[in-house]
Amino acid sequence: MIPTVSVIIPTHNRDWLIQKTLSYVLSQTYNDFEIIVVDNGSTDTTKSVVESIPDERISYIYQSDSGSPAKPRNSGIVTAK
């Protein structure tokens, strides 16, 4: 099924915050959505934190640090269903 809403979350070295961010999105009463976390070159444990959350609506994309805040957002848009 194609979700109605795509939530794109660009991140960089925010392992301490990403779990809280995802829990806020997952706790919404509306649940026809996908979450796309676009990691812009993190060197911390962001990937393992995201992958530890067992929800099929969450996708994780890693890309090299682009130096631009727009590139991770655009990658998420391209990936969105």
Side-chain angles (χ1 to χ4, degrees):
M1 238 168 112
I2 297 175
T4 304
V5 175
S6 297
V7 179
I8 300 167
I9 303 172
T11 189
H12 178 77
N13 288 336
R14 295 289 187 261
D15 59 356
W16 54 273
L17 185 59
I18 194 68
Q19 186 170 7
K20 192 174 196 177
T21 302
L22 291 169
S23 70
Y24 285 143
V25 177
L26 292 170
S27 70
Q28 300 301 305
T29 55
Y30 185 82
N31 61 19
D32 186 15
F33 59 81
E34 66 178 340
I35 302 171
I36 303 166
V37 178
V38 184
D39 187 343
N40 194 30
S42 290
T43 57
D44 61 5
T45 62
T46 297
K47 179 179 181 177
S48 61
V49 172
V50 173
E51 291 178 343
S52 73
I53 301 171
D55 195 301
E56 62 189 28
R57 295 172 293 179
I58 301 173
S59 299
Y60 175 84
I61 300 169
Y62 180 87
Q63 65 182 33
S64 296
D65 188 0
S66 67
S68 164
K71 287 186 181 182
R73 291 182 191 106
N74 290 338
S75 294
I77 290 168
V78 168
T79 304
K81 295 176 188 159

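We number each residue from 1, following the sequence as shown.
- Residues passing the side chain to side chain donor-acceptor pair (under 3.5 Å) test with Thr45 are Asp15, sequence neighbours excluded.
- The two atoms that bring Tyr30 and Asp32 nearest to each other are CE2-O, 3.5 Å, heavy atoms only.
- Note on Val49 and Val7: same hydrophobic cluster, where clusters join Ile, Leu, Val, Met, Phe, Trp and Tyr whose side-chain heavy atoms are under 4.5 Å apart, directly or indirectly.
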Inset, instruction - Show the numbers, then the answer: is there a side chain to side chain contact (heavy atoms under 4.5 Å, CB included) between Ile18 and Ile9? - result: CA-CA 9 Å; Ile18 194 68; Ile9 303 172; 3.9 Å; yes
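- Within the 4.5 Å cutoff, the side chain of Val25 has no heavy atoms near those of the Ile58 side chain.
- Sorted by first and then second residue, the pairs that involve residues 48-70 and meet salt bridge (charged side-chain N to carboxylate O under 4.0 Å, His left out), not counting sequence neighbours, are Asp55-Arg57.
- Atom CG of Leu26 is separated from atom CD of Gln19 by 10.5 Å, given to the nearest 0.5 angstrom.
- Under the side chain to side chain donor-acceptor pair (under 3.5 Å) criterion, Asp44 pairs with Thr46, sequence neighbours left out.
- For the pair Leu22 and Tyr24, the minimum side-chain heavy-atom distance is 4.5 Å or more.
- Clustering of Ile, Leu, Val, Met, Phe, Trp and Tyr side chains at separations under 4.5 Å places Trp16 together with Leu17.
- Across Tyr62 and Gly41, no two heavy atoms sit closer than the pair OH-CA, 3.4 Å.
- Grouping the Ile, Leu, Val, Met, Phe, Trp and Tyr side chains by contacts below 4.5 angstrom, directly or via other members, places Ile77 apart from Ile35.
- The nearest pair of heavy atoms linking Gln63 to Ser75 is OE1-OG, 2.7 Å.
- Tyr60 and Asp39 get closest at one heavy-atom pair: OH-OD2, 2.5 Å.
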Legend entry - Step-by-step side chain to side chain contact (heavy atoms under 4.5 Å, CB included) determination, Arg73 to Val38: CA-CA 7 Å; Arg73 291 182 191 106; Val38 184; over 6 Å; no
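- With a 6.0 Å radius and a threshold of 12 heavy atoms from other residues, nucleotides or ligands, Glu34 has its CD atom above the threshold.
- By the side chain to side chain contact (heavy atoms under 4.5 Å, CB included) test, Ser68 is found to be paired with Ser66, Ala70, Lys71, residues two or more places apart in sequence or in another chain being considered.
- A single hydrophobic cluster is not seen to contain both Val5 and Ile8; linkage of ILVMFWY side chains at heavy-atom distances under 4.5 Å, directly or through other members, places them apart.
- Under the 3.5 Å distance criterion, the side-chain polar atoms of Asn13 are matched with a main-chain donor or acceptor of Thr43.
- Applying the side chain to side chain donor-acceptor pair (under 3.5 Å) rule to Thr11 yields no partners; only residues at least two apart in sequence or on another chain are considered.
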